[in-house]
Each structure stands twice: as structure tokens, then as C-alpha cells.
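Note: hydrogens, waters and symmetry copies are ignored here, and every other heavy atom, side chains too, is used.
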Amino acid sequence: MPRTIDVVEAHRLPDQLRPNLRLVFVGTAASTRSAELGHYYAHPGNRFWRAIHEAGITTRLYQPGEFAALIDLGIGFTDLSKSGAGMDHQIAAETIDVPGFRAKMEEYRPRTIAFTSKKAASLFYGRSSSGILLGRQKRDGSWPEVFVLPSPSGAASGHWTIEPWRELAKWIAA
């Protein structure tokens, strides 16, 4: 009998984490395209890879299939939902695992965390996206520095600006 692939397994993007990274990018969940390909920020309309290059976070333009190579630059990846996939409004609330995310950050202790959308930050902070400002957030005790970036998704084009990405690049280069 052929093995059926569990939906959770099919949509899982592996965390790219190790201790003391200089930066961890955190999304809400994988897009459908990213889940299909197994690469972070894989949709052709997503600005993520261009943004990190243009902002100066990377010295060259990487492709989605090269995401694992960024760990050697001190850059990691994870999502608040490791089992959901799709646009933010399609992600089931029960798949969002803020306590699991916090535990990972406490274990790996990155220098900086960057949420790649106000939605991801709102889920983490437990408040409305409208109450969250872009850029560097107020420091919270021993927690790493936190930045909130505008979503690089093509679906969020009306809210796009590169400036918070540049602010992040300056911070992690210091």
C-alpha cells in the first residue's frame, strides 16, 4: 500500500537555526509555493531575496533554492506556523505556535530577530497589526533585538518600503 503524505509533513519548511546567529528571519508560515518547493520565500513575486541584497544584508542576490547557504552568513529562518501553508489569512490559528517559537529563540539565542510581516509580529506580540510599527522595536529585557519588516509578498505591494530592511542591515553590520 502506498504511503500517504500527511498534510503537516508536506507543508513543513525546515528551520534553519543554530546557536548565536546574527539574524533570524521569521514569517507567519510558508507560502503555498514555498511549501511545494521546500524553499523560503520561493514565489517569483516575493521581494525577499531582492530586498536582503538591495538593503545590504547579503553581498549578492541569492535565489530561494540557496536559502540553506545563508546559515554560513549567520542568517537563519523559521516561521510561527511550521505546519500551515498559504497566505496569512489562510493559516489556521491553531497552527500558530508562539510558545514553540519563543522556546527556539531561547535555545538558539540569535542576536536579532526580524519578522517579515506585521502579521507575524502581531501574532507574536498578541496585538493588532495596526498597533505595530515597522523597524526596530523597543527592547524587551534579555530578548534579542526585534525588527518588524514590511511583508515582501507581492500581495502586500501597497505597503512596501525598503527602509526598514536597510535599518536592519545597518543594525546587524554594527
Pair Tyr62, His53 - check side-chain contact (heavy atoms from CB on, under 4.5 Å), show working. CA-CA 8 Å; Tyr62 284 82; His53 176 62; over 6 Å; no
Evaluate side-chain contact (heavy atoms from CB on, under 4.5 Å) for Val24 paired with Thr78, printing each intermediate quantity in order. CA-CA 7 Å; Val24 173; Thr78 192; 4.1 Å; yes
Test Ile52 against Leu70 for side-chain contact (heavy atoms from CB on, under 4.5 Å), laying out the working first. CA-CA 11 Å; Ile52 64 171; Leu70 272 70; 3.8 Å; yes
Please determine whether side chain to side chain donor-acceptor pair (under 3.5 Å) holds for the pair Asn46 and Ser153, giving the CA-CA distance in whole Å, both sets of side-chain angles, and the decisive distance to 0.1 Å. CA-CA 5 Å; Asn46 194 298; Ser153 169; 5.1 Å; no
Would you check, one step at a time, whether the test side chain to side chain donor-acceptor pair (under 3.5 Å) holds for Ser31 with Tyr41? CA-CA 7 Å; Ser31 70; Tyr41 307 99; over 6 Å; no
Evaluate the criterion side-chain contact (heavy atoms from CB on, under 4.5 Å) for residue pair Arg136 and Trp171; output intermediate values, then yes/no. CA-CA 9 Å; Arg136 190 170 169 193; Trp171 165 254; 3.5 Å; yes
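Ion pairing between Arg139 and Glu145 holds under the 4.0 Å rule for side-chain N and carboxylate O. The pair Lys104-Asp15 counts as a salt bridge, with a side-chain nitrogen and a carboxylate oxygen less than 4.0 angstrom apart. Salt-bridge formation is not detected for the pair Glu107/Arg18: no Lys NZ or Arg NE/NH1/NH2 atom is positioned less than 4.0 Å from an Asp or Glu carboxylate oxygen.
Of the candidates Leu21, Thr59, Thr58, Thr58 is the only one forming a side-chain contact (heavy atoms from CB on, under 4.5 Å) with Leu73. Tyr125 pairs with exactly one of Asp140, Val98, Ile132 by the side-chain contact (heavy atoms from CB on, under 4.5 Å) rule, that one being Ile132.
Taking the six-membered ring wherever Trp is involved, the centroid distance between the rings of Phe48 and Phe25 falls below 6.0 Å. Within the 6.0 Å centre-distance limit, the rings of Phe124 and Phe115 are counted as a close aromatic pair.
Rounded to the nearest 0.5 Å, atoms CZ (Arg111) and CG (Leu23) are 9.5 Å apart.
Annotation for Glu54 and Ile162: closest pair OE2-CG1, 3.9 Å, computed over non-hydrogen atoms. Taking each heavy atom of Gly27 and Ala120 in turn, the nearest pair found is C-CB, 3.9 Å. Minimum heavy-atom separation, Pro164 to Leu134: CG-CB, 3.9 Å.
The aromatic rings of Phe101 and Trp143 stand perpendicular to each other, their planes meeting at an angle above 60°, with 30° marking the opposite boundary. Relative ring orientation between Tyr40 and Phe67 is described as perpendicular, the plane-to-plane angle rising above 60° on a 0-90° scale split at 30° and 60°.
Put simply, Ile57 and Val26 are part of two different groups of oily side chains (I, L, V, M, F, W, Y) that touch within less than 4.5 Å, one to the next.
The main-chain N or O of Thr28 is never found under 3.5 Å from a side-chain atom of Lys119 such that the two would form a donor-acceptor pair.
With no hydrogens or angles considered, a side-chain donor-acceptor pair links Ser81 and Thr95 at under 3.5 Å.
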